[in-house]
Amino acid sequence: MAAPPADERGRQAWEEEEAAGAAAGPSTEQVFEGEPVPTLPEMITARSVAVGVVLGVVLSIVAMKLSLTAVYLPFLAIPAGLMSFFLSRWWVRLLGACGVAQLPFTRQENAVIQTFVVSCANIAYTGGFGSYILAMSRTSAFDGGPHSENSGGNVVEPQIGRLMAFLFLTSFVGVFAVMPFRNSLVIRHNLPFPTGMATAHFINSIHTPHGAKQASMQVSVMFKTLGGAIASSLWQWFYEGGMHCGFRSFPIFGLTAARFGFFFDFSMTDIGIGFLSPYKVTISMLVGSVVSWGIIMPYIMTKEGIWYPPGIGGINAYRWFIGISMVLADGLFHILCILLRTLREMRRRRLSRLTTLPSMCLGADDRPPARSFDDRRRAQVFLRDRVYDPAAVVGYVALSAVSIIAIPRLYPQLRSRHVAVAYLTVPLLAFCNTYGIGMTSANLGPTYGKIAVLAFGSWVGLQNGGVVAGLAAGVIMLSAVITAGDLMQVFRTGYLTLTSPHAMLISHVAGTALGCVINPLIFWMLYGAYNGGDGVPVAPYAKVYRGMAILGVSQQAFPRHSLLLSKVFFAVALANSVLREVSARRGWRVGRYLPCTIAVAIAFFMPPKVPIGISIGSIVMYLWRRLDGNGARLRLPPVAAGLICGDALGSMLRSMLMLSRARPPICLMFLSPRASERLDAVLATYM
């Protein structure tokens, strides 16, 4: 085992590796050492294309139905990887029985298919069909009454051609935006990307060669945990027979704290992420929840009607603006560090000798990027296929230029200057979101989309169609930042499965392109239901998003003191990030006690139940390591992967139950003694 590095940043990265357990065990690549790494044509085959298209269409239908009914999309990577594994194995056996020779089905081809399928199905959510797009429609507008914001340029009916063109313009922006940071985030910063790590471990496990005793043990542990997580998810469903029923609001800190969101929801995904997250990140998220939901928000709630109009939207604006300001501060600082490091490398190459550029940001990641056999092997494959940064920059500029011209023709409410500003801010927000996903697996794309709705709607104004303009800008931001984070998750999965970055990139782009065509077609077939064709309540959030856009054009998007608080927290976050870097460079011990800025900021956007679940996972990990260090190192990664994968499959099964209109038979609710007595008195009258 390698000794901890001396500098604070290196020590933190080493602790992250220890916490993650190298994601797939200490000798995963030694188990696969006898298998050659496939070439690009062996990863992208006719078999992978056919299986990917079939599964992509099927999961896109499921995802679109969920988007229109609940604006919720479960984690699809594990179900896609599992279904592609069995379907491809069936393909090989079927053609083998017919005497047709087939290439062996490898983990790399499995990762390529999974990436293609997920990229295709995710368009159902990132395209904003059940939220932003339907919020522009005539049905949502007429439900709001005959006001000026519900007529004229503030209403746009969905059209299939417009949707396809709009998706092609917005769904590839994030790919170009974060491409230059690929090596920095995956190798230099060694960000865990917990969900991408769990996906890679799952794929590695189901493709483990026979005869590896340790790997077989890990596979067994993972599948046992996966089965337990699925059973737990379905068991909890039986007790959710009404509003606020079930174990998903267990008041672990009491009913008073639960009213402010401090409860445990038995999420196996959060516990699994806690197994993979460094202690400092977990503690920072918990601190952020206490500060935001336990101190700031309760105080601001006392100012309802004074600082902001009554309603939940006003107080949410404070959370969004404060959290975004902290994310931007930390993101800007890290981008500056990366730019300075890049300048140093360019200067080193130009002078052909080692030089030093004085900066507190440089040298923090000068440790060897790989210390174990697994790391060296993975870095070798990952860096072998280079993706040239200038090509990404040129692609982004070209796509931006086309969008600045084309999007105003699709949605005239958005002028060219509005689109230009949106595309200028996308790289920064995409990097910030991707960095946060890499640290905590929390995706803030929906929050950035809501901020765009408020900001651009206020800028365009009510008379110029600000409602539609804000909603269209929200789709641009939502699609860009989520796609960027998904791409880096894909690269992390490819890194841990020895899959060529070129193959993963091609698969991601091809899946996204298919999604831009197939999802509008599926949406168009289901659109009649929203218009009342079958009487089913569909797209409940469309009216919510339209109300948000109306809030933006009504000049009430910025509650009193929200900008002042944002500036204060921006300065605090920036100072914390700078002090952390200085402490790492100078060796100051105070840096150990400073929280992770991005983790604190993310806590402003998610309910406290998420950090609480992650903290419980970290506590279990700590106790397990203290009691059985070697056993924990071998079993923690597969247990974490099993929890995350099982919860994802359980969510899919629960979604199927919801779509079939099945209702849980039992309602389990936690009440105070006084409320329980009143309920008993009411029930006694019926006996």
Side-chain angles (χ1 to χ4, degrees), residues 52-74 76 80 116-143 155-173 406-407 410-411 414 445-446 449 453 467-468 470-480 482-483 486 510-546 549 652 655-656 658-659:
V53 170
V54 171
L55 292 181
V57 172
V58 171
L59 285 186
S60 292
I61 295 174
V62 175
M64 183 62 69
K65 182 65 175 178
L66 291 174
S67 175
L68 293 176
T69 54
V71 196
Y72 167 73
L73 189 63
L76 296 176
F116 181 94
V117 173
V118 174
S119 300
C120 177
N122 276 349
I123 298 296
Y125 180 74
T126 60
F129 291 97
S131 51
Y132 297 91
I133 299 300
L134 283 181
M136 304 179 188
S137 68
R138 185 177 295 106
T139 304
S140 296
F142 284 178
D143 287 347
V155 176
V156 171
E157 198 68 14
Q159 295 180 3
I160 190 169
R162 178 194 289 130
L163 290 177
M164 285 186 181
F166 190 50
L167 289 176
F168 270 104
L169 292 172
T170 59
S171 298
F172 298 95
V173 180
I407 289 181
L410 301 175
Y411 294 100
L414 269 180
V453 170
V467 174
V468 170
L471 292 169
V475 176
I476 294 174
M477 207 62 66
L478 175 76
S479 179
I482 290 183
T483 304
D486 289 345
T512 303
L514 177 64
C516 292
V517 175
I518 196 67
N519 280 285
L521 294 174
I522 298 171
F523 169 78
W524 195 251
M525 289 187 293
L526 298 175
Y527 182 54
Y530 179 70
N531 284 326
D534 58 2
V536 179
V538 180
Y541 276 85
K543 299 178 180 62
V544 175
Y545 277 79
R546 185 166 186 88
M652 288 291 295
S655 300
M656 296 302 175
M658 182 188 69
L659 294 178

Quick one: does any side-chain atom of Arg138 pair with a main-chain N or O of Glu157 as donor and acceptor, under 3.5 Å? no
Using a 4.5 Å cut-off on heavy atoms from C-beta on, say whether the side chain of Ile476 contacts that of Leu414. yes
Qualifying residues under side-chain contact (heavy atoms from CB on, under 4.5 Å), relative to Ala513, sequence neighbours excluded: Phe168, Phe172
Pairwise side-chain contact, Ile123 with Phe523, heavy-atom cut-off 4.5 Å (strictly under): no
Rounded to the nearest 0.5 Å, what's the gap from CD1 on Ile482 to CE on Met477? Could you check? 12.0 Å
Can you tell if the side chain of Phe116 reaches within under 4.5 Å of the side chain of Leu55, non-hydrogen atoms only? no
Close side-chain approach of Thr483 and Val173, heavy atoms under 4.5 Å: no
Could you check if a side-chain atom of Leu471 sits within less than 4.5 angstrom of a side-chain atom of Tyr411, using non-hydrogen atoms only? no
Return the minimal non-hydrogen interatomic distance between Val517 and Met164, and the atom names on each side. O-CE, 3.4 Å
Residues passing the side chain to side chain donor-acceptor pair (under 3.5 Å) test with Ser119, sequence neighbours excluded, are His508
OG of Ser131 to CZ of Arg546, rounded to nearest 0.5 Å, is 13.5 Å
On a heavy-atom basis, which atom in Leu167 and which in Gly127 lie closest, and how many Å separate them? CD2-CA, 3.7 Å
Would a 4.5 Å heavy-atom cut-off, applied to side chains only, mark Asp486 and Val118 as touching? no
For residues Leu134 and Phe129, determine if any side-chain heavy atom of one lies less than 4.5 Å from a side-chain heavy atom of the other. no
Heavy-atom distance under 4.5 Å between the side chains of Tyr125 and Pro446, does that happen here? yes
